Amino acid sequence: MKSAKALRFVAPALGLAAVSAFLLRPEDARVAPSPWIVDAANALNRVPAGPDARAGTVAAAGGATIAHEAALEGQRLRVQRRFAEAAASYRRAVAANPADADSWADLADCLSAAADKDLTAGREAIGRALAIDPRHRKALWLRASLELQEGRYGTAAATWRELLPLVASGSSDARVIAANIAEAEALAHTAGREPGQGG
């Protein structure tokens, strides 16, 4: 009984440590561009219908530039592990372009890191990223880690399983995800839950 209680506290910490390399590595990149990026690029290539439309396109381009520059600054600060400052930059990025799932996920990452890896600090930003792109790899990874942190082991296992097909088969990410699925399912079983259920 004591070992089960100890596992309940120790294993989530191990899981969070396992995912930290993915969350904080500077070369983090998506497998393919988010749909909103493709749509935005297509929109900027269209010829405006008149002066009002042209002004709207210029304003949209200005907002995209602000968002891009703020996201680059956030990335620079994140690599330097200046997480609170990076989060402020990502807040500017999502304010300029609220449809940027990548910046929402990076904001969640930095908020959590600034709060000593407390993923609840990034809960809202994780939800915003997934509302834009339900298959966003980083946001799914953060959500699964948050569910593990909160002791919702079956739900965490389900989220990890949702993420697994989105990474390259046989990659280091795939191996970590598979290990996290096994860990979450073991914890769900120890806690008296069936794998795949929340709790």
Side-chain angles (χ1 to χ4, degrees), residues 16-17 19-48 51-147 149 159 162-163 166-168 171-173 176:
L16 290 173
V19 302
S20 62
F22 179 91
L23 300 181
L24 301 178
R25 67 187 184 203
E27 69 272 16
D28 175 42
R30 303 289 309 285
V31 171
S34 300
W36 76 266
I37 294 176
V38 176
D39 292 343
N42 290 337
L44 291 175
N45 289 331
R46 295 192 188 107
V47 178
D52 291 341
R54 186 177 298 109
T57 300
V58 171
T65 299
I66 292 169
H68 179 68
E69 290 175 352
L72 287 178
E73 177 68 3
Q75 174 73 351
R76 183 183 68 81
L77 292 165
R78 185 166 68 99
V79 170
Q80 296 175 2
R81 306 184 69 81
R82 294 161 60 184
F83 299 118
E85 295 170 76
S89 292
Y90 284 120
R91 283 194 187 281
R92 289 193 295 275
V94 298
N97 186 353
D100 184 350
D102 292 336
S103 286
W104 279 113
D106 286 332
L107 173 59
D109 181 3
C110 291
L111 288 171
S112 302
D116 196 24
K117 298 184 181 178
D118 179 3
L119 288 154
T120 61
R123 186 195 306 276
E124 180 184 355
I126 294 168
R128 293 292 294 268
L130 288 171
I132 296 163
D133 181 0
R135 291 166 57 86
H136 194 283
R137 295 189 309 149
K138 185 171 187 176
L140 284 170
W141 197 302
L142 287 163
R143 189 180 76 184
S145 301
L146 171 60
E147 290 162 349
Q149 177 183 312
T159 301
E162 187 178 346
L163 175 59
L166 304 181
V167 303
S171 66
S172 59
D173 286 342
V176 171

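Keep in mind it's a predicted model, so treat the numbers as computed, not measured.
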request  = Please answer whether the main-chain N or O of Leu77 pairs with a side-chain N or O of Glu85 as donor and acceptor at a distance below 3.5 Å.
outcome  = no
request  = Applying side-chain contact (heavy atoms from CB on, under 4.5 Å), name anything that partners Ala115, two or more places apart in sequence or on another chain.
outcome  = Asp118, Ala121
query = Mind checking what makes side chain to side chain donor-acceptor pair (under 3.5 Å) contact with Thr159, not counting sequence neighbours?
reply = Arg143, Glu147
query = Have Asn97 and His68 got a donor and an acceptor in their side chains that come within less than 3.5 Å?
reply = no
note = For Ala86 and Arg78, the nearest pair of non-hydrogen atoms, with its separation, is CB-N, 3.8 Å
inquiry  = Could you report the tightest heavy-atom contact between Ala84 and Ala114, atom names first, then the distance?
reply    = N-CB, 3.9 Å
task = Indicate yes or no: does Lys138 engage Asp102 in a salt bridge with an N to O separation below 4.0 Å.
result = no
All side-chain contact (heavy atoms from CB on, under 4.5 Å) counterparts of Ala87, not counting sequence neighbours = Leu107, Cys110, Leu111
ask   = Does a side-chain heavy-atom distance below 4.5 Å link His136 with Trp104?
value = no
query = Could you give the distance from CG (Leu166) to CZ (Arg137), rounded to the nearest 0.5 Å?
reply = 8.0 Å
task = Under the side-chain contact (heavy atoms from CB on, under 4.5 Å) rule, collect the residues that match up with Ala108, sequence neighbours excluded.
result = Ala125, Ile126, Leu142
key: Qualifying residues under side chain to side chain donor-acceptor pair (under 3.5 Å), relative to Gln80, sequence neighbours excluded   = Arg82
request  = Quick one: list whatever passes side chain to side chain donor-acceptor pair (under 3.5 Å) with Arg92, sequence neighbours left out.
outcome  = Ser89
key: Ile132 versus Ala99, closest heavy-atom pair with distance   = CG2-O, 3.5 Å
task = Not counting sequence neighbours, which residues clear salt bridge (charged side-chain N to carboxylate O under 4.0 Å, His left out) with Glu124? List them please.
result = none
task = Scan for salt bridge (Lys or Arg N to Asp or Glu O under 4.0 Å) pairs involving residues 64-75, sequence neighbours excluded, and state none if there are none.
result = Glu73-Arg76
ask   = Which pair of heavy atoms, one from Ser103 and one from Ala93, lies closest together, and at what distance?
value = OG-CB, 3.7 Å
inquiry  = Is the shortest side-chain heavy-atom distance between Asp109 and Tyr90 below 4.5 Å?
reply    = no
inquiry  = The criterion is salt bridge (charged side-chain N to carboxylate O under 4.0 Å, His left out); which residues satisfy it with Arg123, sequence neighbours excluded?
reply    = Glu150
